[in-house]
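Note that the coordinates shown come from a computational prediction; the quantities given were computed from them, not determined experimentally.
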Amino acid sequence: MVLGGTSDENKLNGSAFSFIFIYMKTIKLQTILLLSILLAFVACSDNENNENNDNNVPQVTTPLPGVDVPQTAGNEFTIKGNGFSEDCEIVLKEEANTRSTARTVTVIIKEVTPTSVTFIIPEGMDGIFIIIIKQNDKEYVIGKIAIKSNLAGIWKWNGSYQ
């Protein structure tokens, strides 16, 4: 049967049609896959933004002094920000080194407002500590603080007997 040309031409046209059909099918699948991936990224970023806008998530607005400015043990220290709840706890976790285990201390909170938390740095603390705020059954790492002991005779092992 001839449709307007030789049978060899019809075979060629038929295989070209098959190739185009398969090619279009592949493009549709790739487009659907690409749109699915983009939708997943958009959905994830919306969730992250909603979590950060939640009033129950503590956010620090004033930079902490960091490890370059040691704070003296026994003094008050205030963290300013947003989203602090009355039932929050502050934990100081010593930055671990290879020779010791890290100490973890829950501090005494003096005052909590929605925009700040003031606590007393425990006596005898010395070293670099990570500040963690616990509230609503979650933990939030706020930053690091260097603490200088206020007690005489506190020393740290330097790894040498000399």
Side-chain angles (χ1 to χ4, degrees), residues 23-162:
Y23 181 73
M24 293 302 289
K25 207 174 189 181
T26 304
I27 288 178
K28 285 181 185 178
L29 289 174
Q30 289 174 345
T31 304
I32 291 171
L33 180 62
L34 180 63
L35 289 174
S36 299
I37 291 171
L38 288 173
L39 184 61
F41 279 120
V42 169
C44 289
S45 64
D46 283 344
N47 287 341
E48 289 172 4
N49 288 338
N50 288 341
E51 286 178 14
N52 288 338
N53 290 334
D54 187 0
N55 288 336
N56 294 328
V57 177
Q59 297 174 349
V60 176
T61 57
T62 304
L64 299 175
V67 296
D68 296 332
V69 182
Q71 304 299 308
T72 304
N75 289 347
E76 291 182 4
F77 187 80
T78 301
I79 299 171
K80 294 183 181 179
N82 298 313
F84 302 113
S85 65
E86 287 292 325
D87 63 342
C88 73
E89 293 180 2
I90 296 184
V91 174
L92 298 178
K93 182 177 180 182
E94 187 175 29
E95 208 171 50
N97 59 41
T98 57
R99 297 198 181 267
S100 69
T101 58
R103 290 183 290 171
T104 302
V105 177
T106 302
V107 301
I108 297 171
I109 295 178
K110 187 168 181 185
E111 181 183 17
V112 178
T113 69
T115 59
S116 69
V117 178
T118 301
F119 63 93
I120 299 171
I121 300 171
E123 301 278 338
M125 302 287 282
D126 193 60
I128 297 174
F129 292 82
I130 299 167
I131 302 172
I132 301 169
I133 293 184
K134 292 183 177 183
Q135 69 182 32
N136 303 323
D137 297 325
K138 294 184 181 177
E139 294 185 357
Y140 305 95
V141 175
I142 300 300
K144 293 182 182 180
I145 183 174
I147 300 174
K148 185 177 96 178
S149 176
N150 60 341
L151 301 177
I154 296 292
W155 59 275
K156 282 195 117 180
W157 172 257
N158 66 5
S160 173
Y161 289 107
Q162 299 175 359

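- Counting heavy atoms from C-beta outward, Met125 and Arg103 have side chains that approach closer than 4.5 Å.
- Between Gln135 and Tyr140, some side-chain heavy-atom pair lies under the 4.5 Å cut-off.
- Here the closest non-hydrogen pair linking Ile133 and Cys88 is CG2-CB, 4.2 Å.
- The shortest non-hydrogen separation linking Gly124 to Ser149 is CA-OG, 3.9 Å.
- Note that NZ of Lys110 is 13.0 Å distant from CZ of Phe119, once rounded to the nearest 0.5 Å.
- A distance of 9.5 Å separates CG of Asn75 from NZ of Lys148, quoted to the nearest 0.5 Å.
- Annotation: side chain of Ile109 is in contact with side chain of Val117 (closest heavy-atom distance under 4.5 Å).
- We find the CD1-OG1 distance between Ile147 and Thr72 to be 10.0 Å, quoted to the nearest 0.5 Å.
- With contacts defined as side-chain heavy-atom distances shorter than 4.5 Å, the pair Phe77/Val107 does not qualify.
- Smallest separation of non-hydrogen atoms from Leu92 and Pro122: CD1-CD, 3.9 Å.
- Taking both residues in full, the closest heavy atoms of Val112 and Ser85 are given as CG1-O, 3.3 Å, listed atom of the first, atom of the second, then distance.
- The minimum heavy-atom distance between Gly143 and Leu64, with the atom names listed, is CA-CD1, 3.9 Å.
- Going from atom CD1 of Ile90 over to atom CZ of Phe84 covers 7.5 Å, rounded to the nearest 0.5 Å.
- In terms of heavy-atom proximity, Gly74 sits nearest to Glu123 at CA-OE2, 3.5 Å.
- If you take CD1 on Ile79 and CD1 on Ile131, they are separated by 4.5 Å, rounding to the nearest 0.5 Å.
- Taken from CD1 in Ile142 to NZ in Lys144, the straight-line distance is 14.0 Å, to the nearest 0.5 Å.
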